[in-house]
Amino acid sequence: MTSLLQAVAFDSWILHVLVWGPMAAMLHVLLDDEERSGHIAFGWTLALFVVSLGLWWSFTVGDPGFQMASSVPWIEAWGVHYALGIDGISLFMVLLSCFTAPITILGSFRYITRRRKSFYALMLLLQTGIIGVFTALDLMLFYVFFELTLVPMYFIVGVWGGKRRIYAAVKFFLYTAVGSLLMLVGILYLYAATAGAGDGSFAYLDILGASLSMREQLWLFAAFALAFSIKVPLFPFHTWLPDAHVEAPTPGSVVLAAILLKMGTYGFLRFLLPFFPAASQHPSVVTVMMVLGTAGIVYAAWVAAVQPDAKKLVAYTSVAHMGFVVIGIFALTLNGIQGGLVVMISHGISTGALFLILGMLYERRHTRLTGEFGGLARVAPMLALALVITALASIGLPGTSGFVGEFLALLGTFETHPVTAVIATSGVIFAAYYMLPMVQRVLFNELDREENRSMPDLSRREIFILSPMVALMIVIGVAPTPILERMEPSVEAILERVHTTPPAEEPADS
């Protein structure tokens with residue numbers, strides 16, 4: 001496989017195809033017939049996913065630097081470059097995004113019944129922004145892609161969402177936009193910092209060499225951290241998420257949970273730790289991030305446990321899962337960060353599958369209240385099997401992807417913050433407390449409603465959607481080593497930069 005990829009010069013074009021392929025697909029959808037729009041979008045995203053699989057074999061294991069990188073001037077007067085590349089951190093975010101796209105499109109065939117051409121065009125535009133975020137090696141280019149994801153998601157929620165869709169869409173947009181503006185100020189400040197040594201630059205590697213005092217690092221850390229914390233979302237910036245999830249159509253909820261939330265934790269690893277190493281290890285900063293991450297784990301679990309709406313319950317679980325990622329990252333250990341990355345991957349798969357299953361239930365019964373179901377395991381055994389496995393992966397049962405990530409994140413946290421790790425471990429228990437009763441009410445309670453007796457089981461299309469997701473939950477849980485060995489060098493490089501950077505000194509006149 002590797003020789004074949006080399007023969008076609010795979011490394012030189014793959015990232016550009018993954019970024020701009022969805023844009024070409026969007027034009028195809030817009031120019032073709034509306035009845036065919038879903039199939040066109042599915043065909044394009046499936047083809048792009050198949051092509052993206054070459055990244056697994058083309059990626060050089062053991063290389064901590066950026067691979068498949070390219071850079072050409074874009075706006076030369078401002079020092080902006082069109083620069084792309086991936087390392088062991090962004091590799092899996094790109095693969096997860098490409099994997100999720102065709103599944104999401106296929107899962108929307110029965111859910112989206114109006115303005116289908118516009119819907120699929122926006123989904124494809126969103127995919128371009130997502131891949132751009134995870135591959136951009138120029139801060140201004142990153143910011144453009146980061147903001148680009150807001151526009152299609154706003155319309156996906158606002159046009160195809162539920163009764164309170166406008167409120168949810170506006171709240172989502174305002175929260176994210178405010179944080180992004182502060183990040184833009186930080187990006188411009190970093191540009192000015194590089195200009196002190198010559199021509200200003202937004203290039204990632206150039207900014208790594210910028211000399212910043214502790215005060216500058218702390219303020220810039222705060223600006224970037226706010227933008228990424230809202231996107232995660234980290235407690236207490238999470239209040240937009242339940243509304244967006246509940247009101248969004250099923251495909252929107254899947255993309256939001258599986259991919260968009262990861263842009264925040266990815267930003268922590270890609271920018272906060274390498275750019276501001278002294279601030280990242282400052283005791284006050286670490287304490288704040290640990291407290292907020294742990295609070296999110298415990299608080300979200302308690303709130304999820306009392307939700308009658310299954311979709312809102314799953315929405316709050318995202319806050320809890322992302323809390324594990326945050327404490328793993330700011331433990332500043334190899335196990336912690338690797339665990340956080342695996343949680344990001346596992347959460348994208350398992351929570352995406354949960355939203356798809358809830359969407360399938362909604363298509364059948366037009367309700368998301370768990371009390372309206374009961375005894376579905378008798379009439380829909382395939383759906384029950386998918387829901388049980390997905391729920392167990394979500395709560396971190398050993399042998400599933402959720403266990404690997406949470407175990408490593410907690411282990412890494414325990415190495416430097418044992419008390420935090422012990423408190424966060426309670427979140428695993430709480431996860432069982434809110435997830436298992438939901439599964440029981442939906443699948444195993446008394447089959448006492450006539451409308452549930454005739455509920456159809458999974459169709460072939462739905463089996464095709466859920467099977468690869470369920471398989472990955474088990475494969476990653478049983479054999480995580482290939483994933484860990486690809487991300488380890490890049491994580492070690494970040495940790496080395498953080499731990500070998502002495503605390504920045506204040507200028508004498510500051």
Side-chain angles (χ1 to χ4, degrees), residues 63-66 85 87-90 136-139 142-143 182-183 185-197 200-229 232 234 263-293 325-341 344 409 412-413 415-417 420 487-507 510:
D63 182 357
F66 291 104
D87 63 355
I89 296 170
S90 50
L137 294 183
D138 181 281
L139 254 69
F142 167 83
Y143 183 78
L182 287 176
M183 181 173 66
V185 173
I187 290 173
L188 295 176
Y189 190 98
L190 288 173
Y191 171 82
T194 61
S201 173
F202 292 100
Y204 183 86
L205 295 179
D206 290 344
I207 291 176
L208 281 179
S211 178
L212 300 170
S213 68
M214 175 61 89
R215 177 177 295 177
E216 290 174 313
Q217 288 198 35
L218 288 173
W219 279 105
L220 290 168
F221 182 99
F224 278 77
L226 180 62
F228 296 139
S229 295
V232 170
L234 185 64
M263 289 164 53
T265 46
Y266 172 80
F268 287 155
L269 287 171
R270 173 62 67 233
F271 302 109
L272 288 187
L273 268 58
F275 284 178
F276 319 119
S280 298
Q281 58 184 316
H282 191 284
S284 298
V285 170
V286 173
T287 299
V288 168
M289 301 306 294
M290 284 290 184
V291 169
L292 294 182
V325 179
V326 171
I327 66 171
I329 290 173
F330 285 93
L332 301 178
T333 61
L334 178 62
N335 285 328
I337 295 180
Q338 282 193 299
L341 282 166
M344 289 163 64
T413 304
E415 294 173 18
T416 54
H417 299 80
T420 299
M487 64 175 61
E488 183 175 341
S490 298
V491 173
E492 287 181 333
I494 290 175
L495 287 173
E496 182 180 2
R497 178 172 175 82
V498 172
H499 290 311
T500 59
T501 301
E505 297 293 338
E506 292 292 345
S510 63

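Annotation for Ser90 and Gly85: closest pair OG-O, 4.3 Å, computed over non-hydrogen atoms. Of all the heavy atoms in Leu212 and Phe275, the pair that sits closest is CD1-O, 4.3 Å. Closest of all the heavy-atom pairs between Ala279 and Phe221 is CB-CB, 4.1 Å. Scanning all heavy atoms of the two residues, the minimum distance from Leu332 to Val498 falls at CD1-CG1, 4.2 Å. Of all heavy-atom pairs between Asp138 and Ala203, the closest is OD2-N, 3.7 Å. The shortest non-hydrogen separation linking Ser280 to Phe330 is O-CD2, 4.4 Å.
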field: Test side chain to side chain contact (heavy atoms under 4.5 Å, CB included) applied to Arg270 and Asp87, step by step
entry: CA-CA 10 Å; Arg270 173 62 67 233; Asp87 63 355; 2.6 Å; yes
- request: Run the numbers on Leu273 and Arg497 for side chain to side chain contact (heavy atoms under 4.5 Å, CB included), then give the verdict.
  value: CA-CA 8 Å; Leu273 268 58; Arg497 178 172 175 82; over 6 Å; no
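When side chains are defined from C-beta on, Phe268 does not count as touching Val325, because their heavy atoms never get closer than 4.5 Å. His417 places a side-chain heavy atom less than 4.5 Å from the side chain of Val286. At a threshold of 4.5 Å between non-hydrogen side-chain atoms, the residues Ile337 and Met487 do not count as touching. Contact check for Leu341 versus Leu269: side-chain heavy atoms found under the 4.5 Å cut-off. Between Trp219 and Val185 the shortest side-chain heavy-atom distance does not fall below 4.5 Å. Annotation: side chain of Val326 is not in contact with side chain of Leu292 (no heavy-atom distance under 4.5 Å).
Between Leu218 atom CG and His282 atom NE2 the span is 5.5 Å, to the nearest 0.5 Å. Taking CD of Gln338 as the start and CG of Leu495 as the end, the distance is 9.0 Å to the nearest 0.5 Å. For the atom pair Glu488 CD and Asn335 CG, the distance stands at 9.0 Å (nearest 0.5 Å). Between the CE atom of Met183 and the CD1 atom of Ile187 there is a distance of 5.0 Å, given to the nearest 0.5 Å. Once rounded to the nearest 0.5 Å, the distance linking CE of Met344 with CD1 of Ile329 reads 6.5 Å. Note that the CG atom of Leu220 and the OH atom of Tyr189 stand 6.5 Å from one another [nearest 0.5 Å].
In this view, Ala493 and Pro64 satisfy the side chain to side chain contact (heavy atoms under 4.5 Å, CB included) rule, not counting sequence neighbours.
A ring-centre distance under 6.0 Å is not found for Phe142 and Tyr204.
A tilted orientation is assigned to the rings of Phe224 and Phe271, their planes being inclined by 30° to 60°.
For the pair Thr413 (side chain) and Ala331 (backbone), a donor-acceptor distance under 3.5 Å is absent. Asp206 places no side-chain N or O within 3.5 Å of a backbone atom of Gly209 that could act as its donor or acceptor partner.
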